[in-house]
Each structure stands twice: as structure tokens, then as C-alpha cells.
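Read through the structure below, which is laid out as C-alpha cells, and then see the notes.
Just the heavy atoms: all of them, side chains too, but no hydrogens, waters or symmetry mates, feed the values below.
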Amino acid sequence: MSNLNGWGLTARLISKHFGALGNRVSEAIANFDPETATEADRDRLADNLRSAAQKLAAARAAFDKEAGDVVKLRQLIATDEQAAGTLAERLASGKIAESTITLFCDELEANKARLPQELQEEADARQYMNELQTIVDALSKQLSEFDAQAKKAMQALASARAQQDLQQLRADRQAQLAGLQGMRGQSSALAALTRRADTIRNDAEGLRIVTDIGQKPLAQAAELEAIRKSVSQPALGNESESALARLQRLSGQPAEPLALAKS
């Protein structure tokens, strides 16, 4: 905590003007540290400031009254002193009774005798007011120190939260990159599936080749059978008998060679 000028005096003034409560307030203020104070400490400090400010307002009003009383008393004494010369002439001329002069003199002397007391009361009221003003100034300064520290703390908190948001953003981006890395891994898996499909396709082609080889003897056998049938049966063109051959056959004439028939 920053040491305020006259802080020890302020603590004594608080104890003096606030009694037992002032002792506790003074102790709390003496141990107050804005850097480690809590919001409750700030509230108590503000309450102490309000209480001191209220007392200061009352002390100012009391001082104004005491100062006004002194001014009035001095004006009264000055006026009576001026009137004393006039009253002496009137007494000498018999225009005023001696008893009246006696009463006047008694009041003037009493007022003069009362003036030092009024001046002391005015001085006491001024001192009390000034002491309370010192207390209020000290409490106000300490409250300002607390608020300044609180503002710094809030700024530090805001900065920390901004850093937290930044780090969270970076973490989110890293998570996105990791997701993309996973997608690339999935592409590798697709490549593996493609290779697997190629392997299966090759296996199928190999099976087809083997099957074709096994089917070749059967095809050859079928071809031979077809050849045998074509040899054993007349061709479709031979089965058709020409009209000339048919006439010759029916007439009992020998069939002429085709070249002769044409000629």
C-alpha cells in the first residue's frame, strides 16, 4: 500500500472522531492494500468514506455557524463601543438614566468576555472540519487507488480472456487440420480398396483364362461333330433337284452333262 502523507495523523483523527468504530476503521485502513483487496473491502471503504463525508458536511455547517456567531459578536461589540461615547454625553446631559447605562455596560463587558470563547469554539470547529476533510481526502484517494487497481485487474482479465479465445481458435484450427489429415488417410484407404479391386479383377481374369482353356476341348469336339454331320449328310444345295434333271429322270433319259445342256 502506498504511504499517504499524514496517514498516521488521519488514523488518529478517525479514532478520535469515530470512537470505537473509528479504531476498527483506522486499523482496516492501515492494513488496506488495493492490490489484494476484495470487492467487500472496497464496499467497506466506500461506506467509511460516506460516513466521513456526512460528518464533514455537519462539521462545515457547525463551523459556518460558529464563524457567523463570531462575526455577529464582533460587530455588536464594535457598535456598542461606538455608542459608548454618545451615551456618555447623554448621561451627562441627563437624557438617559444611569441604570440604562449600567445595563449597557454590563452587556458590552459580557460580550467582550464571551468573544474569546466564541473564537475558541470557531477555532475548534475549524480544526474538526479540517481534520474530517483530511480523512475524507485520504479515504477518497484510497478508494481511487482501489478503483485504479481494479481497472488494471479488469484489463488484465480482458487480455487473458482474449488470449484464451485466441488459443481456443488455434486449437479449433488444429482440430480442423487433423480432420483434413484424417480425410487424407481415408484417401489412402480408398487407394487400398482400389488395389484390392484390381487384385480381385486379376483373379477373375485368371479364372476366365482357366475356364477358357477347359472349354477349348469341348468346343473342338463340337466342331468335329459338326464336320462329321456335314460329310454324312448331302449339302442343302445338292438336295434341290433342277428341273432339267428331274425331267430327264422322269423321262428315263440319261442326264446330260451340264456343259452340254447349256450348249
Side-chain angles (χ1 to χ4, degrees), residues 1-32 34 42-148:
M1 179 185 68
S2 301
N3 290 327
L4 301 177
N5 292 333
W7 189 246
L9 172 61
T10 302
R12 290 194 297 272
L13 294 177
I14 292 177
S15 299
K16 173 183 176 182
H17 297 298
F18 290 81
L21 174 61
N23 292 332
R24 293 194 296 271
V25 172
S26 299
E27 182 179 357
I29 291 175
N31 297 327
F32 183 80
R42 198 269 182 194
D43 292 339
R44 285 192 293 269
L45 188 60
D47 290 339
N48 294 335
L49 176 59
R50 282 191 293 270
S51 177
Q54 291 172 355
K55 287 184 176 294
L56 175 60
R60 286 176 176 173
F63 170 75
D64 291 341
K65 179 181 180 302
E66 294 296 339
D69 290 343
V70 170
V71 170
K72 291 178 181 178
L73 182 58
R74 280 179 169 173
Q75 290 177 348
L76 179 58
I77 291 173
T79 301
D80 288 349
E81 287 177 342
Q82 291 178 356
T86 304
L87 291 176
E89 295 177 356
R90 296 179 63 181
L91 179 60
S93 63
K95 295 180 179 180
I96 188 173
E98 185 175 349
S99 59
T100 301
I101 296 299
T102 300
L103 179 60
F104 174 82
C105 290
D106 291 342
E107 290 182 357
L108 178 56
E109 289 176 352
N111 289 336
K112 286 184 176 183
R114 189 162 59 90
L115 180 59
Q117 180 180 352
E118 292 293 337
L119 291 173
Q120 184 61 49
E121 291 177 357
E122 178 191 18
D124 292 343
R126 183 190 301 275
Q127 180 183 5
Y128 180 63
M129 178 184 66
N130 291 339
E131 289 175 353
L132 288 174
Q133 183 66 60
T134 301
I135 293 172
V136 169
D137 292 343
L139 293 175
S140 178
K141 184 174 182 179
Q142 228 178 9
L143 188 60
S144 297
E145 287 181 355
F146 178 91
D147 291 339

| request: Please identify each residue that fulfils side-chain contact (heavy atoms from CB on, under 4.5 Å) with Gln54, with sequence neighbours left out. | output: none
| query | Under a 4.0 Å N-O cut-off, is there an ion pair linking Arg74 with Glu118? | reply | no
| remark: The side chain to side chain donor-acceptor pair (under 3.5 Å) partners of Glu109 (sequence neighbours excluded) come to none
| task | Side-chain contact test, heavy atoms from C-beta onward, threshold under 4.5 Å: evaluate it for Glu66 versus Arg126 and give yes or no. | result | no
| How many angstroms lie between CG in Asn111 and CG in Leu115, if you round to the nearest 0.5 Å? | 9.0 Å
| task | Supply the atom-to-atom distance Leu87 CG to Ile101 CD1, rounded to the nearest 0.5 angstrom. | result | 4.0 Å
| Set of side-chain contact (heavy atoms from CB on, under 4.5 Å) partners for Glu107, sequence neighbours left out | Leu103
| field | Listed partners of Ala97 passing side-chain contact (heavy atoms from CB on, under 4.5 Å), at least two apart | value | Ser99, Thr100
| Could you give the distance from CD1 (Ile135) to CG (Asn130), rounded to the nearest 0.5 Å? | 11.0 Å
| field | Asp64: partners by side chain to side chain donor-acceptor pair (under 3.5 Å), with sequence neighbours left out | value | none
| field | Side chain to side chain, Lys55 and Val136, heavy atoms closer than 4.5 Å | value | no
| message | Just to verify, what does Lys72 make a side chain to side chain donor-acceptor pair (under 3.5 Å) with, not counting sequence neighbours? | response | none
| field | Heavy-atom pair of closest approach, residues Leu56 and Met129 | value | CD1-O, 3.4 Å
| task | List the atom of Arg114, the atom of Leu73, and the distance in Å for their closest heavy-atom pair. | result | NH2-CD1, 3.3 Å
| Least distance between heavy atoms, Leu139 atom then Ala52 atom | CD1-CB, 3.9 Å
| task | For side chain to side chain contact (heavy atoms under 4.5 Å, CB included), just list the numbers for Glu122 and Asp69, CA-CA rounded to whole Å, side-chain angles, deciding distance to a tenth of an Å, and then say yes or no. | result | CA-CA 9 Å; Glu122 178 191 18; Asp69 290 343; over 6 Å; no
| Quick one: CG on Leu143 to CD on Glu145, what's the gap to the nearest 0.5 Å? | 10.0 Å
| field | Min side-chain heavy-atom separation Leu76-Asp80 under 4.5 Å | value | yes
